[in-house]
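For reference, the structure is listed below as structure tokens.
We name chains A, B, ... by the order of the sequence lines, and we start the count at 1 in each one.
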Amino acid sequence: METKEPQKTENYDPKVDEPKWQEFWHDNNIFKFDPNSKKEIYSIDTPPPYASADHLHVGHGMHYSQFEFVARFQRMRGKNVFFPMGYDDNGLPTERYVEKKYNINKSKTTRADFIKLCLQETEKTGKTYQDLFNQLGFSVDWDLLFHTISDDARRVAQLSFIDLHEKGRMERTDNPTSWCTTCQTTIAQADFENTDVKSHFNDIIFKCGDQDLIIATTRPELLPACVALFHHPDDKRYKELKGKKARVPLFDYEVPILTDESVDIETGTGLMMVCTFGDKEDIEKWRKYKLDSRIVLNENGTLNDLARRFVGMKTKEARKDIIAALQAAKLLINQKEISHPVNVHERCGTEIEFMQKQQWQIKILDKKEDLIKIANKVNWYPEHMKTRYEHWVKNLQWDWGISRQRYYGVPFPVWYCKSCGKVLLPDKKDLPVDPREQAYKGNCSCGSTDILPEMDVMDTWMTSSCSPQINADWGGAGERKNFIPMSLRPQAHDIIRTWAFYTIVKSYYHTKGVPWKDIMISGHGQDPHGQKMSKSKGNFIIAQDVIKKYSADAFRFWAASVKLGDDLPYQEKDVLTGQKTINKLWNASKFSMIHLQDFDAALADKIVHLQVMDKWILSRLHRLIKLCTDSFDVYEYSKAKMETEKFFWGTFCDYYLEICKDRLYNPDKRGQEARVAAQFTLYNLLLTTIKLTAPIMPHITEAIYQAYFAAKDCHKSIHVSHWPEAVKSFIDEDAEKTGDLVVEIIGAVRKFKSEKQVSLKKPIKLVIECDKDQQKRIESALDDLKATTTAAELTFGNGTIELENSKVKVSIELVEEKQ
RNA sequence: GGGCUCGUAGUUUAGCGGCUAUAACGUCCCGUUGACGUCGGGAAGGCCCUCGGUUCGAAUCCGAGCGGGCCCACCA
């Protein structure tokens with residue numbers, strides 16, 4: 001294949017050059033995964049974003065950039081990088097997005113129309129994401145793109161269902177479950193979110209014979225659902241109530257009065273009303289004491305005729321009216337304003353209700369210990385994120401309900417026999433199937449042909465939790481064997497309880513193994529004041545806007561400035577610093593390239609006699625290589641970036657470039673050998689520096705590589721070139737000591753000139769007082785030192801003088817220039 | 001209420017047992033240096049949240065507290 005050569009430019013302009021290099025990578029298949037390669041595979045379980053956004057904010061860009069650094073590093077390390085992109089375009093998030101955008105809801109449209117709309121939006125958002133990822137310079141292999149609504153992903157999710165069913169992990173129950181009255185579907189514990197709600201504690205009178213019993217409740221609208229009163233067995237106030245019945249006010253029927261240890265004597269009046277179902281406690285007691293069912297809530301959140309004259313009202317409305325009615329009947333004796341946290345559905349903010357529904361669950365509560373153990377076999381970066389996982393698993397209260405009474409999701413591969421009730425599963429090789437659209441092949445074993453499809457779809461996490469299996473094309477024609485565990489799962493910390501957890505559940509149940517070797521967990525990008533970004537708050541900073549204004553490399557520079565796992569406030573000034581760094585890299589390279597025109601890298605290796613300042617900086621460089629490599633290996637890209645930046649700007653540019661100039665410009669004075677030594681050093685310095693920077697700032701480093709190094713370093717792109725090796729023989733402590741001393745003297749001279757307010761070019765007379773060892777050192781770099789400090793004269797005094805870091809005293813005089 | 005995490009110059013941060021405690025941005029002063037003014041040099045700026053403890057020695061380790069962020073529990 002012929003390499004396309006982009007046109008070389010004199011100046012580097014990210015607005016023009018970044019898209020050019022992106023095209024270059026694309027045209028030359030730089031990031032293509034090679035299934036036939038013998039190289040070690042490094043596979044990334046890329047987070048498939050929900051197809052439910054018009055724009056992505058800088059936090060998304062930050063998170064995705066952080067593991068993109070890793071992909072580029074591993075590629076340069078010689079790995080065969082499997083870096084896919086996926087879109088999580090099935091399920092409730094997409095449905096909600098569509099409902100909001102078109103102001104519709106599932107009950108007001110047909111399934112077919114709704115699905116069509118979802119698919120259409122899915123495609124649009126896919127395009128938005130692809131644009132962003134391309135603009136950021138993402139090194140994904142787009143041929144590996146997957147959609148969770150695709151046939152392949154459906155097949156995997158259905159295969160997963162059937163496998164779990166076979167393994168006895170799948171259960172169909174009609175246990176009361178959490179329900180969203182807006183989305184009108186069952187939901188899982190992981191879909192909850194907490195918000196503080198202002199409400200009232202209402203003290204309401206129940207009658208027990210002639211006695212008034214006062215119960216405190218926040219949910220008077222559930223009075224018609226009341227099935228019992230409870231108090232603590234040791235509560236003296238209510239001892240004599242045992243075995244008696246109480247009359248429910250307004251609705252006028254009797255409920256038993258029972259005792260249970262779990263009732264808190266201190267809370268409210270110590271008397272508790274149990275309904276079907278107000279909360280989890282109600283469900284427990286209902287089950288434990290086999291209480292009556294008085295289901296008063298409809299699926300859409302209105303009350304049914306058990307509510308008598310309040311029938312048809314929504315809960316909030318009924319609450320108001322029932323309180324008014326109680327007041328009128330003098331049955332409400334007190335009302336206290338409170339604020340309490342309430343579980344709401346994270347997709348729509350609706351308060352969670354409970355509903356008895358036939359649904360599929362994956363049993364997890366009986367395997368908590370195993371699920372914690374298996375997570376220990378994954379390397380967590382940063383490690384403390386594992387604690388969050390453990391706490392979540394320990395505190396789980398519900399099995400994983402995966403049924404959703406929705407349209408746009410992966411259908412269950414399930415039919416039921418109407419006569420015997422048997423669950424009928426398809427043949428695995430026929431997957432994916434859609435029982436809503438196609439008939440079951442064959443009859444039930446009982447002989448019946450009366451077969452009903454399952455109409456629900458699966459929870460969106462049912463698919464995304466299979467992302468490793470989707471990437472491995474489980475059950476597909478091109479199934480990748482030995483692909484799992486994947487090398488890396490990158491994700492943000494807010495979805496540990498969902499995506500990380502569910503993926504581990506699946507992997508453990510399917511294979512008893514881990515889904516990946518490492519997991520790296522990013523923090524959140526925040527607004528400049530450390531606040532969470534949201535559209536409603538108006539502090540939403542769109543990633544593309546920043547890239548457009550500055551550049552992708554500058555954006556990535558910002559994204560690399562925080563430790564893995566930490567939240568990062570968006571600071572425009574940091575992006576600006578990135579922009580300046582791009583400029584500095586280009587200019588330092590321009591200078592270097594001019595002086596490297598006549599340099600033969602291949603020969604130089606043998607003949608060069610390095611000078612002490614060359615040895616000094618090369619020693620530093622090789623320490624840096626070691627540090628960067630070790631850092632990237634444990635996902636500490638921010639450390640690598642910071643140290644490289646410091647070295648490049650503060651040591652390479654500020655000192656070495658100044659030191660070597662005299663040798664480069666004046667070979668007649670300094671000798672050809674001294675010049676070649678400087679060239680050799682410069683060549684290695686620059687090439688190594690841009691390689692170390694390449695994962696973070698891929699565009700500018702590619703531009704520099706192509707402008708000079710590609711032909712010599714012999715790779716099509718810097719991003720498939722070899723990551724630098726830290727070579728021990730370059731570590732030279734003696735040279736470092738000398739170099740540091742020289743640098744310190746240069747610093748002293750600069751300070752002197754600055755205080756005298758003269759140009760750094762101004763000639764001086766330099767007298768250095770130091771010991772013999774130091775004198776020897778300085779003499780070994782004498783010409784470089786004189787040139788850099790523009791010292792017309794340099795002499796040594798005698799004796800050791802204690803001053804500054806190296807205990808050397810320097811006296812400096814300005815030399816009057818002859819006109 | 002429980003857990004995790006963070007608290008260092010005006011801002012964002014490095015350091016995580018011993019240096020006069022990093023650096024960048026901002027501020028102030030200076031510099032027509034042949035890569036770069038998107039630059040170079042210099043300066044000012046810090047009770048390293050508070051209080052205890054461990055230690056010869058604490059920004060760093062431990063305990064308590066205060067204050068942010070996140071996660072979870074709390075709906076009677």
### Task
Check every strand shown and say whether A/Val562 touches a base, only sugar-phosphate, or nothing at a heavy-atom separation below 4.0 Å.
nothing
### Task
Please confirm whether A/Arg750 makes a cation-pi placement over A/Tyr655, using NZ or CZ under 6.0 Å from the six-membered ring centre and within 45° of the ring normal.
yes
### Message
By nearest atom, which of the nucleotides B/C75, B/G31, B/U12 is closest to the A/Phe354 side chain?
### Response
B/C75
#### Entry: A/Arg388 side chain, from C-beta outward: closest of B/U33, B/A43, B/G69
B/G69
### Message
When the P atoms of B/C25 and B/G34 are compared, how many Å lie between them, rounded to an integer?
### Response
22 Å
## Note on the structure
When rounded to whole Å, the CG to P distance for the pair A/Asn343 and B/C74 reads 6 Å
### Task
Can you tell me the pairing partner of B/U11 across any strand shown, Watson-Crick or G-U wobble, with both distances under 3.5 angstrom?
B/A24
### Message
We want to know whether A/Tyr637 and A/Gln66 form a side-chain donor-acceptor pair, criterion being a heavy-atom distance below 3.5 angstrom.
### Response
yes
### Query
What integer number of Å spans the C1' atoms of B/A44 and B/C6?
29 Å
### Task
With a 3.5 angstrom cut-off on both distances, give the Watson-Crick or G-U wobble partner of B/A58, or none if there isn't one.
none
### Message
Can you identify which nucleotide, out of B/U13, B/C75, B/G41, has its nearest atom closest to the A/Arg750 side chain?
### Response
B/G41
### Query
Contact class for A/Glu658 (heavy atom, under 4.0 Å): base, sugar-phosphate, or nothing?
base
### Query
Between A/Lys563 and A/Met385, which is nearer to the 5' end of RNA chain B once each is assigned its nearest nucleotide?
A/Met385
### Task
Considering only NZ, NE, NH1 and NH2 on the basic side and carboxylate oxygens on the acidic side, decide whether A/Glu221 and A/Lys320 come within less than 4.0 Å.
no
### Message
Just by distance, no angles: are the side chains of A/Lys584 and A/Ser589 close enough, under 3.5 Å, to form a donor-acceptor pair?
### Response
no
### Message
Would the base of B/G15 count as contacting A/Lys639 through its side chain, where contact means a donor and an acceptor less than 3.5 Å apart?
### Response
no
### Query
Is it true that A/Trp558 and A/Tyr550 have ring centroids separated by less than 6.0 Å?
no
### Task
Would you mind telling me which of B/G41, B/U38, B/A14 lies closest to the side-chain atoms of A/Asp654?
B/G41
### Task
With the side chain of A/His391 defined as its heavy atoms from C-beta on, choose the nearest nucleotide among B/G3, B/U5, B/G15.
B/G3
### Task
Give the nucleotide from the list B/C39, B/G69, B/U12 with an atom nearest to the side chain of A/Lys573.
B/U12
### Query
Mapping A/Ser754 and A/His524 to their closest nucleotides on RNA chain B, which lands nearer the 5' end?
A/Ser754
### Task
Report which part of the nucleic acid A/Pro528 touches: base, sugar-phosphate, or nothing (heavy-atom distance under 4.0 Å, all strands).
nothing
### Message
Distance check, C1' atoms only: B/U55 and B/C29, in whole angstrom units.
### Response
44 Å
### Message
Once you apply a heavy-atom cut-off of 4.0 Å, does A/Phe230 come out as touching a base, just sugar-phosphate, or nothing?
### Response
nothing
#### Entry: d(CZ, A/Phe647; C1', B/A14) in whole Å
19 Å
### Query
Side-chain N or O of A/Trp649 less than 4.0 angstrom from OP1 or OP2 on B/G40?
yes
### Message
Within the 4.0 Å heavy-atom criterion, would you say A/Lys753 contacts the bases, only the backbone, or no part of the nucleic acid?
### Response
nothing
### Query
B/U11 and B/C49: how far apart are their P atoms, nearest whole angstrom?
13 Å
### Residue A/Lys761, side-chain atoms from C-beta onward, closest of B/C36, B/U33, B/A14
B/U33
### Message
With a 6.0 Å cut-off on the ring centroids, do A/His493 and A/His524 count as close?
### Response
yes
#### Entry: Among B/C70, B/U13, B/U5, the one nearest A/His493 by side-chain distance
B/C70
### Task
Indicate, with a heavy-atom threshold strictly under 4.0 Å, whether A/Cys653 touches base, sugar-phosphate, or nothing.
base
### Message
Which nucleotide wins on minimum distance to the side chain of A/Gln397, given the candidates B/U38, B/U13, B/A73?
### Response
B/A73
### Query
Which of the following nucleotides, B/U22, B/C30, B/C75, is nearest to the side chain of A/Gln757?
B/C30
### Query
So, A/Glu18 side chain and A/Ala552 main chain: donor-acceptor pair closer than 3.5 Å or not?
yes
### Task
Quick one: look up who B/C4 pairs with, Watson-Crick or G-U, both distances under 3.5 Å, and put none if it's unpaired.
B/G69
